[in-house]
Amino acid sequence: MDYLEITGQAKLSGSITISGAKNAALPVIAATILSDKPLTLTNLPNVVDIRTLLKLLDMLGGEVDHQGIVARIDNGAMNSTKAVYEIVSQMRASILVLGPLLTRFGECEVSLPGGCAIGQRPIDLHLKALEAMGAKIEIKGGYVRAEAPNGLHGAKIIFDKITVGGTENVLMAAAMAHGTTEIINAAREPEIVQLCDMLVAAGVAVEGIGTGTITVQGTGGKTLEWREPVEIIPDRIEAGTYLCAGAITYSQITLEKVNIEHIQAMIDKLESMGCQFTIGEESITIHPPKKLRPVNIITTEYPGFPTDMQAQFMAVATIVEGESLIEERLFENRFMHVSELNRLGADIWLKGNTAAVKGVEALYAADVMATDLRASSALVLGALAAKGVTKVRRIYHLDRGYDDLEGKLAKLGAQIQRKSE
Ligand code: UD1
């Protein structure tokens, strides 16, 4: 199994380019099911989750030509509507094929994704919304079996909770439904905006993009016509992670190809910790202060502070004199990195969904284990600051979502190597 060996306390410098956003690419790839015409996607990140979803399309009978950051997908000959356990269990986001398969083919079977390290993560809101649009759904043998032989119809969907994946599934289902769907309490993440823009470019009338109320006029069963390639937006979580790398190592580094608006919540928090920034149109340079200040964070939906950056900011807070408070409001079990950061010498106490981080003078190298995607990057950040050589194991979590993490960090001057054992 691969692990990362990191010799900490190296000063970073220089610049790297941020890749396309995994979480934007996944719904875009799922949405290609809505058409029987080919579509080219560009700026895809080179990560395992993307390859997993492309493999699922291939298993459903789609044709996928994937070269580096570009993929041409043709779902004209798609002849299966069953998303099997072997794929869905590898990646929860496979549930995103539910809406598009059902709305295009009138039936589908998708394996239940189950829980994951960061919490229970049910899909009840996805299912309730599709039922409101006329789907007959039963859960049997670990699969969601959905039917709508005459197609889905528009409906007013009021989400009890803001859900990114649920909003995406409904948007895709609504695009080919009969009539108008109104989504209330919709997610507003940039990844949702990208999906809406893609539908609009294919001629679907979508209003309220980027707001909490989105309306979609369905095509009444007609498959969509793509008119232009889709370029995946920059990965705001990857960008935020590298800003944290700059902060925790007190290094000035530059990120190219970022969308500043998308990372504003992270910039604000780093500013409150004393960092300064030089901001270009698509680039950002972080200038850490001589001494970082503690920070208080509450994770919430976009445009608030993202739960996907909670672990990385906690890593930074471990070496900041004073006490930082970090409250996780989205996922009940998203603190698996705490015990591993403590193994590096951090002083973090958990009470309910709040972590109190008391800054220590230094972290010290240890063997640590990654538990989920973002927790893994927090351990890498901790290792960059720690004295000595840290081994981060189970990095297959990192490979799911960070494009060439060790290559990019090495380019910035980090002493990091991937090894096998
Ligand atoms: C997406 C992101 C993930 C991010 C999360 C929150 C992708 C592929 N993943 O995950 O990186 O951490 O948004 O920003 O884009 N919930 C329910 N019932 C449902 C659906 C969700 O109770 O049917 C709950 C979840 O358990 C969670 C909250 O709603 O507590 C938000 O989850 P959701 O926004 O759906 O997350 P994902 O789309 O799975």
Side-chain angles (χ1 to χ4, degrees), residues 20-31 44-45 47-50 52-53 56 88 90-99 110 112-132 135 137 139 144 146 157-173 183 185-195 212 232-233 235-238 240-241 262 265-266 298-313 327-337 353 372-378 397-398 400-402:
K22 166 183 89 74
N23 286 356
L26 293 172
V28 164
I29 292 170
L44 287 168
V47 298
V48 171
D49 274 8
I50 297 301
T52 304
L53 193 56
L56 176 56
V88 182
Q90 281 173 41
M91 185 186 63
R92 285 185 46 84
S94 314
I95 197 68
L96 291 174
V97 300
L98 178 64
V110 179
L112 276 173
C116 70
I118 66 171
Q120 203 188 3
R121 296 182 89 177
I123 55 160
D124 56 316
L125 302 174
H126 301 229
L127 302 186
K128 208 170 136 201
L130 293 172
E131 277 175 339
I137 294 181
I139 310 247
V144 177
I157 311 290
I158 305 176
F159 277 120
D160 293 342
K161 223 181 196 180
I162 298 178
T163 156
V164 173
T167 303
E168 289 163 349
N169 246 330
V170 171
L171 280 168
M172 293 184 277
I183 310 173
N185 214 16
R188 296 156 61 185
E189 270 68 4
E191 295 76 24
I192 302 276
V193 172
Q194 167 131 68
L195 177 61
I232 303 302
I233 58 170
D235 194 320
R236 63 197 169 98
I237 305 301
E238 189 195 19
T241 303
H262 296 172
M266 285 88 103
I298 296 175
T299 65
T300 178
E301 294 86 4
Y302 189 84
F305 187 90
T307 172
D308 285 353
M309 283 303 304
Q310 180 252 105
Q312 301 89 317
F313 269 75
E327 186 180 335
E328 172 57 53
R329 291 244 178 116
L330 267 83
F331 293 108
E332 70 272 20
N333 195 23
R334 204 168 201 179
F335 279 130
M336 312 273 281
H337 43 282
N353 63 348
D372 70 67
L373 174 55
R374 307 305 170 184
S376 326
S377 60
H397 290 292
L398 278 175
R400 285 189 40 218
Y402 283 94

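Quick caveat, the model's predicted, so the values are computed rather than measured. Just follow the structure's listing: the first ligand is 1, and inside any ligand the first atom is 1. All values below come from the heavy atoms of this structure, side chains included, with hydrogens, waters and symmetry mates left out.
- Of all the heavy atoms in Val88 and Ser94, the pair that sits closest is CA-OG, 3.6 Å.
- Neither the backbone nor the side chain of Tyr302 has a heavy atom within less than 4.0 Å of ligand 1.
- Comment: Glu191 engages Arg236 in a salt bridge, judged by a side-chain N to carboxylate O separation of less than 4.0 angstrom.
- In this structure, CG on Leu125 lies 6.0 Å from OG1 on Thr163, to the nearest 0.5 angstrom.
- Residue contacts with ligand 1 for His126 involve both N, CA, C or O and side-chain atoms from C-beta outward (heavy atoms, distance under 4.0 Å).
- Interface of Ile123 with ligand 1, defined as ligand atoms under 4.0 Å from a residue heavy atom, comprises 19 (C), 23 (O).
- Heavy atoms from both the backbone and the side chain of Leu125 come within less than 4.0 Å of ligand 1.
- For ligand 1 and Gly165, the ligand atoms under 4.0 Å from any heavy atom of the residue are 35 (O), 38 (O).
- Taking the salt bridge (charged side-chain N to carboxylate O under 4.0 Å, His left out) definition, one finds that Lys161 meets it with nothing, sequence neighbours left out.
- In terms of polar-atom proximity, defined here as any N/O pair under 3.5 Å, Val164 does make such a contact with ligand 1.
- Residue contacts with ligand 1: Lys161 is included, with a non-hydrogen atom under 4.0 Å away.
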Working note: His337 + Gln310, criterion side-chain hydrogen bond (donor to acceptor under 3.5 Å, both in side chains); need CA distance, chi angles, decisive distance, verdict.
CA-CA 10 Å; His337 43 282; Gln310 180 252 105; 2.9 Å; yes
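- Of the N or O atoms in Phe331, none lie within a sub-3.5 Å distance of an N or O in ligand 1.
- By the 3.5 Å distance cut-off applied to N or O atoms, Gly166 is not counted among the residues near ligand 1.
- With a 4.0 Å cut-off on non-hydrogen atoms, Arg334 touches ligand 1 through its side chain and not its backbone.
- Between Glu168 and ligand 1, no N or O atom pair is found at a separation short of 3.5 Å.
- Residues His126 and Asn169 bring a donor and an acceptor atom of their side chains to less than 3.5 Å of each other.
- By the 6.0 Å and 45° rule, Arg329 does not stack over the aromatic ring of Phe305.
- In terms of polar-atom proximity, Asp124 is counted as a contact of ligand 1, with an N or O under 3.5 Å from an N or O of the ligand.
- Within the listing of ligand 1, atoms 6 (C), 12 (O), 14 (O) sit less than 4.0 angstrom from a heavy atom of Thr307.
- Listed by number with element, the atoms of ligand 1 under 4.0 Å from a non-hydrogen atom of Leu330 are 6 (C), 27 (C), 30 (O).
- Residue Pro122 has at least one N or O atom closer than 3.5 Å to an N or O atom of ligand 1.
- In this structure, the side chain of Thr167 engages the main chain of Ala187 through a donor-acceptor pair within 3.5 Å.
- No donor-acceptor distance shorter than 3.5 angstrom exists from the side chain of Glu332 to the backbone of Glu328, with no hydrogens or angles considered.
- Taking each heavy atom of Thr241 and Gln312 in turn, the nearest pair found is OG1-NE2, 3.2 Å.
- Distances between N or O atoms of Asp308 and those of ligand 1 include at least one value under 3.5 Å.
- The N/O atoms of Glu189, backbone and side chain alike, include none that comes under 3.5 Å of an N/O atom in ligand 1.
- Scanning for side-chain hydrogen bond (donor to acceptor under 3.5 Å, both in side chains) contacts around Asn23 gives an empty result, with sequence neighbours left out.
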